[in-house]
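Below, read A as the first sequence line, B as the second, and so on, with proteins coming before strands; counting in each chain starts at 1.
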Amino acid sequence: MGHASNSSEEAKAKGSVGKGLARVDGAAKVRGTARYVDDLKFPGMHHGLTKRSEVPHGILRGIHKREGFDWSQVVVVTAEDIPGRNTILLIEEDQPALVAIGAHVRHVDEAIALIAAPTRALAREAHGFLDLEIEEIPAVFDCEEALSAEVNVYGDDNILKTYLIEKGDADIEEKLASCDHVVEGLYRTQAQEQMYIEPQGMIASWGEDGVCHIIGSMQCPFYIQKAMRALLALDDDNLVVEQAVTGGGFGGKEEYPSMIAGHAALLARKAGVPVKLIYERDEDIAATTKRHPSVVRHRLGFDADGTIRAIDVDVIFDGGAYLTLTQVVLSRGVLHAAGPYKCENTRVRGRAVATNTPPHGAFRGFGAPQTTFAYERQTQKAAALLGMSPFEFREHNMLRDGDRTATSQLLEGSVGSEDVLRAVKEVAEANPLPKDDPATSIRHGRGVAFYFHGAGFTGSGEARLAGRATVALAEDGHFEVRSSSTDIGQGVQTMFTQIAATGLGVEPDAVRVPTPATDRVPDSGPTVASRTCMVVGRVVGQASVALKNRIESWASENGFGDMPLRQAATAMAKVEGEISETVQYAPPPGIVWDDETYTGSAYPCYGWAACVIDVRVDTDTYEVAIDRCVHAVDVGKAINPVVVKGQIEGGTLQSLGWALWEDVIYKNGKVANDRMTNCIVPTFSDAPEMHTIIVEEPFANGPYGAKGVGEIPMDGPCAAAAGAVEHALSTLVSSEGFDALPVSPEAIQRAMRLDS
Amino acid sequence: MSEFLSPKDLPAALAARAAHPDYIPVAGGTDYMVASKDRLPPPGIINLFGLGALTGVTDLDGGGVRIGACTTYATLLGDARIANTFPLLRDACREVGASQIQARGTLGGNIATSSPVGDSLPPLLALDAVICVASSAGERRVAYEDFLVGYRKIDLAADELIVAIELPAPHVGAMQHWRKVGTRRAQSISKVMMAAVAHLDDGRIADIRIALGAVADRTVRARATEDALRGSAPSEEAAKRAREALRGEITPIDDLRSTAEYRLGVAENLVRRFVLSL
Amino acid sequence: MNIEVTINGESRSIETEGHRRLLDVLREELGLVGTKEGCGEGECGACTVLMDGEPVNSCLVPVGQIQGTQLTTIEGMAGSDGLHIIQDTLVRYGGAQCGICTPGVALCAKWAVEKEPGASKERLRELLAGNICRCTGYQAIVDAVVAAQNSSESSHE
Ligand SMILES: Cc1cc2nc3c(=O)[nH]c(=O)nc-3n(C[C@H](O)[C@H](O)[C@H](O)COP(=O)(O)OP(=O)(O)OC[C@H]3O[C@@H](n4cnc5c(N)ncnc54)[C@H](O)[C@@H]3O)c2cc1C
Ligand code: FES
Ligand code: FES
C-alpha cells in the first residue's frame, strides 16, 4: 500500500507542517515489527527479579538465603554490591537503590535485594527462598496525619516542600470578607495509575571494555544517565543509555526507570551476563509512581455581578516516602491553582508531605489536574449560586491577552481563552440535553470546564537546561534528527520529521528520527512538561534551516546551485565530512521569573482549553455514562493534526477515567488493587465518542507557532464530568457529593443517601 | 514433566479423570490460566475444549435445551434457540468479559469455578437449570440450587465432570430480565447482578424467580422476596414489600470492588424496577 | 508433547509442554514477538491472536490446545502485497500511538469487521472492548475501523 507519491513536491506537501502525515513509526507498529524492550534478547541473558519489602516502615535487620535451594544457580545483589552511591539521584539523594542492612525501609514494595537467574522460573523460585528480616516501626499513610509528625518519614516534619504565591496588597482574609459571596470547598483526589500497556523494563549489559549499556522503556535517557553516574560510579564515556520503542509512559516512565536501570545494571555487573528486568503487571502497579493524591481547600470570593475578587487556596499533595519529582509536581499544582481567571488578590499555599506509601510522581498534567479539579468545581458552584450560566461566569472572569496571572505574569499573545470556550459553547447550545423522563431511572446532566496549562518548564528551567538538538546528514544520505526526546507514543518522531522536512525543504522520506541513545544524541532535556514540540521542536526547526542554508550556500559557491538539497548535501559531505548543525535553545527574551517570591513569567506561554461533558446517571445503579464529550484546545499550531487530536483524545479519556472509575486502593500502605481486573481503566465501551476541536493561537516562539498539547487535555474533563453528575442529580443531592474523586457509583449512592 | 491429555471422547475423558484425580480438567482455560499464573506446572491437564460430546446446544423434549458444558459464550450467543427461548441467558453471555473471553470461556467452566460473581450463574438459577454430571460410574442430574454448596464449592467429586446443563422450557409468556452492574461497561467484574423470570396471571404475579449474584457467598435465589411478590399485582406497594424482604435475606460484603451498602441498595432498586416493569 | 499447527499459513511442528502459555511459545520458541504481553491475565488483549479465526488471549491458552488449529498472529496479518486495510487505516487515522496494544487491536478489529460487516460504532466498541488502549482514547481506532469497514464495503460492490 505504501505512500509512494507521484512527485516529490506532492510528498513534500504531505509531509509539511500542519499536515496529517501518517506516523513514521506506524507501519512497524501495525506490523508488529517494532521492538520493545521485552522483545529483545542478548546472548547468555539472565532474568532479574526484585525482592521487596512487605512492611511499610521499619529497619532492615537481615537478608537470609534459606536452605533448600541451590544458591549457586543464581546471583543475588544487595546494597553491598553497589559500586557508587546508594541512591537514585534525581533532585535529592534521599531514595536508596536498595535498602542497606541497618537502614530504614520507608514503604511497602521498596526494593531490598535483586536476583538474576537463567530463567524467570528459577529466579522466582529463589525469590521464594530469600527471607527479609525487618523490624517494623509505626507508619503513617495519610498526608494530613503526617503533618502532625508523630511518625517520621522525611526530615523532622515530613514536609517535602512548601510554596507560597501571593498577589495583591490587601490581606486575603479582609479581601474575602469584603466580597458579596465566598464559596468554600474541600476537594480530594485519589492516586492514579498511569497504566501504560507496556510494563516497565530494562536490559543492562557490561562490555569487556567496562562500558555499561542500558536499553529499555523510558522517557528520559539523560535522567537515567545522571542516576547511573552516581550509582555505578561511572563517567559518561563508560555509560550508554538507549531507548527501546516504548509502550506508553504518561509520566510514569520519567523517574522510575532509573531505579530499574540501576537494578539491571547491578545484576548484570555481578552476574557477568546481560540481565533483563521486566516488571509483571502487578509489580508495576504496586511499586512504581502514581499521580499524587491531593487535598485542596479553596475559597473563591466574588461580587454579585460575578466578578472574582479574591482567591485563597491551600494545596496538600501526598508525596509518598521519597521526594522523587514531588517538588516540581507541587510547583505546577500551585502555579495553576488560581485558574485562568482574573483576580487581583490571590494567595496559594502548597505543601507536599511524606507518607509511608510508595512515592508518587510524574503523571500527565503534573499536579495541575488536582488543582484544576478544585478551581473548576468552585467556578461551577459560584455560577450556580449567582444563577449565571457556566459559560457566562467564565467569560466574565477569564484571562485574556494583556491580563496578568496569579504570579503577575503579563499575557502577551497566544491566548486562546475566548476561542476555546466559544467553540465548546456553540456545540453545547446546538445540542441541548434530553429531557428527563421521571418514570425512568435516567437523569441527564451537563458539566463545563475551562482551564489552562503552562507549556514547558517552569520559570528559568529552560534557560538552565539549555537543551540542544542536532540535524545532520547521515552516512546513508538521510537527514537525521538527533535529540534526546523520546517517542513514547505521542508522535515525536513524526512531528520532528515534519518540522525538519519543512525546514530543510525536503520530502519527509528524506528525514529520519532515530530513538535516542546518550552516546548518539545531545541532551535536549527530558520528554516532559509538554515541552518537546515547543522547545525541542523549535531547535530542530532552527537546526534544519541552518543546515539547509549552509548546504545551499556551499552548493552555489561550488557550482551546484541547481542540485536538489539532498544531492548537494551528499556532494558536500564528500568534501567536508559529516555535516550537521546543532542549535541550543534560547528562551524568548523578557522572561523574568523569581524563584524566591514565585512571581513573574511562570511559563513561556499557556495552552487554553474548554470542554463540555454530558452524562446520563442511572439512579437505580448510580452508574454514569458519558453521552457527549466536546473538547476545544488551543495548541498554538498543530504540527500534525492527527497526532494532536490523538493527544487530546487520549488525555481526555485518562481524565474522565480518573473522574469516574479509576482508583488506587491502599491497605496499610500497600496497593491492594494491583491487577488490571481491579485497578480498572476505561474500555472502548466506557469511552464516549469524542468531538475534538483544535484551536490555533500561534505562539511566536514555538516552531511554526506550536505550544504544548500533551498534558492540558488531562486537566479539565475530570471537573466537567463531576459537574455533569452534579447537574444531573442537582434536585436530589447537594454539591459536596461531587467534591472528591472518583465520582464512583458508590460515592453517588452515598451522596444521595446522605441527602435524603 | 507435566502431562497434557486430549481425550477423544467422553468415556476417555472420564477414564482420564478417574485415573488421574490430580490432573486438572481445562475447558476454555480463562479461569484456570489466571489461577495458575506464576505457579509450578500442574501434574497434568485434561483438555476438554472442543470435545464433541460436551459441546453445543441440543433440543430437549418439551421445548427445553441441553447445553454441553464446554459450550462457549460465543457459541451460545450465536444460537437462535437461546436467543428466542432464553434471552436472559443470552443477555448475560453477552456481558461476560469481552470477545476474547467469550470465544474461549465456557458455561461449564463458569459453573465449576462457581465464583459468587459468575455471570451465567444467576440466569441458570432463575431458569431452574439442572446440572448433568458424569463419572466412569455413570451420570447424575442435580438441580442447580443443590449443586451450589458453598463459597466456590460445588457438588462435584474428584472423578466427575460436568457434562451438560439442561434448561426446561420457561412458562409461555414469562418475562425474563437480566441486569449486570459491573465495575465498568465491558470486561468487567460484577458488583451486583439480577436474573429474574416472572409471569402474570390475571394481573397478578403468578410465579417469580429472582436469582442474585455478588450479594452472598454464592449465587442465591431470593426466596423471601419472591414469596413477598407472588400473588400480588406489580405495584410500588408490592415493590416496597419486596425490598424489605430482600433486605432480610441477603448479606453482601465490602470488598475492593464495592461496598455492602451499594450492593444491597442496588439489588433493592433492581428488584423494584423489575416489579414495576411487569 | 508434539504440536502440529498452522501459523500464518505455514505448518509448524512444535515440541513443548502443553501447559505453557501460547504467548510464551510464540514469543520465546517461535520468535513471533509481535504478540505482546500487557497483563498476563486476559485483561488487556495485547496478546490477542486469531485461533481458527476467533480472537483469543494467547496468555490464557495452554499451548496444548492449539493442536490442529490455524493461528494468525500480527506477523501474518499483512499480505505479500502490503498492509491489511485495517493496518493501513490504523496508521492513517492515528489508531496506533505507542503501538503496544496495536497488534491485538488490529487482529481483533479484523475479526470484528469480518464477523459483522455492517456493525455500528457502538457495536464495534463492544466487539473490541477486550483490547485496552491507554493512549488513543479509542476514538482514532474506532474511526480507523469504520473507515476500513466502509472501504471494504465499497470494494465488495
Ligand atoms: C479477563 C477475564 C474476564 C472475565 N470476565 C468474566 C465475566 O464477565 N463474567 C464471568 O462470569 N466470568 C468472567 N471471567 C471468568 C471466566 O472467563 C469464566 O468463569 C469462564 O466461564 C470460565 O470458563 P473456562 O472454560 O474458561 O474455564 P476453565 O478455566 O477451563 O476452567 C475453570 C475451572 O473449571 C473446571 N472445569 C472446567 N470445565 C469443567 C467441566 N466440564 N467439569 C468439571 N470441571 C470443569 C476447571 O478444572 C477449572 O478449575 C473472566 C475471566 C477473565 C480472564
Ligand atoms: S497479556 Fe494477555 S490479555 Fe493482557
Ligand atoms: S497505542 Fe498505546 S496502548 Fe494503544
Find the distance between CD (A/Gln654) and SG (C/Cys135) and round it off to the nearest 0.5 Å.
-> 7.5 Å
Pair C/Arg125 + A/Glu689, salt bridge at N-O below 4.0 Å | yes
Side chain, backbone, both or neither: which part of A/Ile197 has a non-hydrogen atom closer than 4.5 Å to chain C?
-> both
Evaluate the criterion side chain to side chain contact (heavy atoms under 4.5 Å, CB included) for residue pair A/Arg23 and C/Arg92; output intermediate values, then yes/no.
-> CA-CA 7 Å; A/Arg23 289 184 72 104; C/Arg92 286 195 287 120; over 6 Å; no
Output a table of donor-acceptor pairs, distance under 3.5 Å, between side-chain atoms of residues 642-651 of chain A and any protein atom two or more places apart or on a different chain; print 'none' if there are none.
from	atom 1	to	atom 2	distance (Å)
A/Lys645	NZ	A/Glu649	OE2	3.0
A/Gln647	OE1	A/Arg364	NH2	3.3
A/Glu649	OE2	A/Thr692	OG1	3.4

ring-ring contact (aromatic ring centres under 6.0 Å, His included) contacts touching residues 37-65 of chain C (sequence neighbours left out) = none
Side-chain touch C/Arg134/A/Phe250, heavy atoms, less than 4.5 angstrom | yes
Taking the side chain from C/Tyr138 and the backbone from A/Leu653, do they hold a donor-acceptor pair closer than 3.5 Å?
-> no
Under 4.5 Å from a heavy atom of chain C, the part of A/Pro688 involved | backbone
So what's closer than 4.5 Å to chain C heavy atoms on A/Ala34: side chain, backbone, both or neither?
-> backbone
Show me, pair by pair, the donor-acceptor contacts under 3.5 angstrom made by side chains of residues 45-61 of chain C, not counting sequence neighbours?
from	atom 1	to	atom 2	distance (Å)
C/Thr48	OG1	B/Gln100	NE2	2.9
C/Thr48	OG1	C/Gly45	O	2.6
C/Asp52	OD1	C/Gln70	N	2.9
C/Asn57	ND2	C/Gly42	O	3.4
C/Ser58	OG	C/Cys47	O	2.7

Non-hydrogen side-chain atoms of C/Gln139 and A/His691 separated by less than 4.5 Å | no
The side chain to side chain contact (heavy atoms under 4.5 Å, CB included) partner of A/Phe684 among C/Leu128, C/Leu127, C/Leu124 is C/Leu128
Would A/Asp39 and C/Arg27 pass as an ion pair if we require N to O under 4.0 Å?
-> yes
Which portion of A/Asp38 sits near chain C, non-hydrogen atoms under 4.5 angstrom = both
Quick one: which of C/Gly31, C/Ala96, C/Gly94 has the most heavy-atom pairs under 4.5 Å with chain A, could you say?
-> C/Ala96
Residue among C/Glu126, C/Glu43, C/Glu37, C/Glu28 with most heavy-atom pairs under 4.5 Å to chain A | C/Glu43
Of the listed residues (C/Ile132, C/Ile100, C/Leu32), which shares the most heavy-atom pairs with chain A below a 4.5 Å separation?
-> C/Ile100
Is it the backbone or the side chain of C/Gln87 that comes under 4.5 Å from a heavy atom of chain A, or both, or neither?
-> both
Pair C/Ile74-A/Arg31, side chain to side chain contact (heavy atoms under 4.5 Å, CB included): steps then yes or no | CA-CA 6 Å; C/Ile74 192 63; A/Arg31 284 176 183 274; 5.8 Å; no
Under 3.5 Å donor-acceptor, A/Lys29 side chain and C/Cys98 backbone | yes
With a cut-off of 6.0 Å (strictly less than), are more than 12 heavy atoms of other residues, nucleotides or ligands near CD of C/Glu116?
-> yes
Separation between CD (A/Glu198) and NZ (C/Lys36), nearest 0.5 Å, reads 8.5 Å
Identify the heavy atoms of A/Ala687 and C/Gly137 that sit nearest to each other, and give their distance.
-> CB-O, 3.9 Å
Answer whether the closest heavy-atom distance between the side chains of C/Glu75 and A/Thr33 falls below 4.5 Å.
-> no
Note: vs chain A, highest number of non-hydrogen pairs under 4.5 angstrom among C/Cys101, C/Ala129, C/Gly130, C/Ala78 is C/Ala129
Residue by residue, scan residues 279-287 of chain A and write down, ordered by number, those that have a heavy-atom distance under 4.5 Å to chain C; if none do, write 'none'.
-> A/Arg281
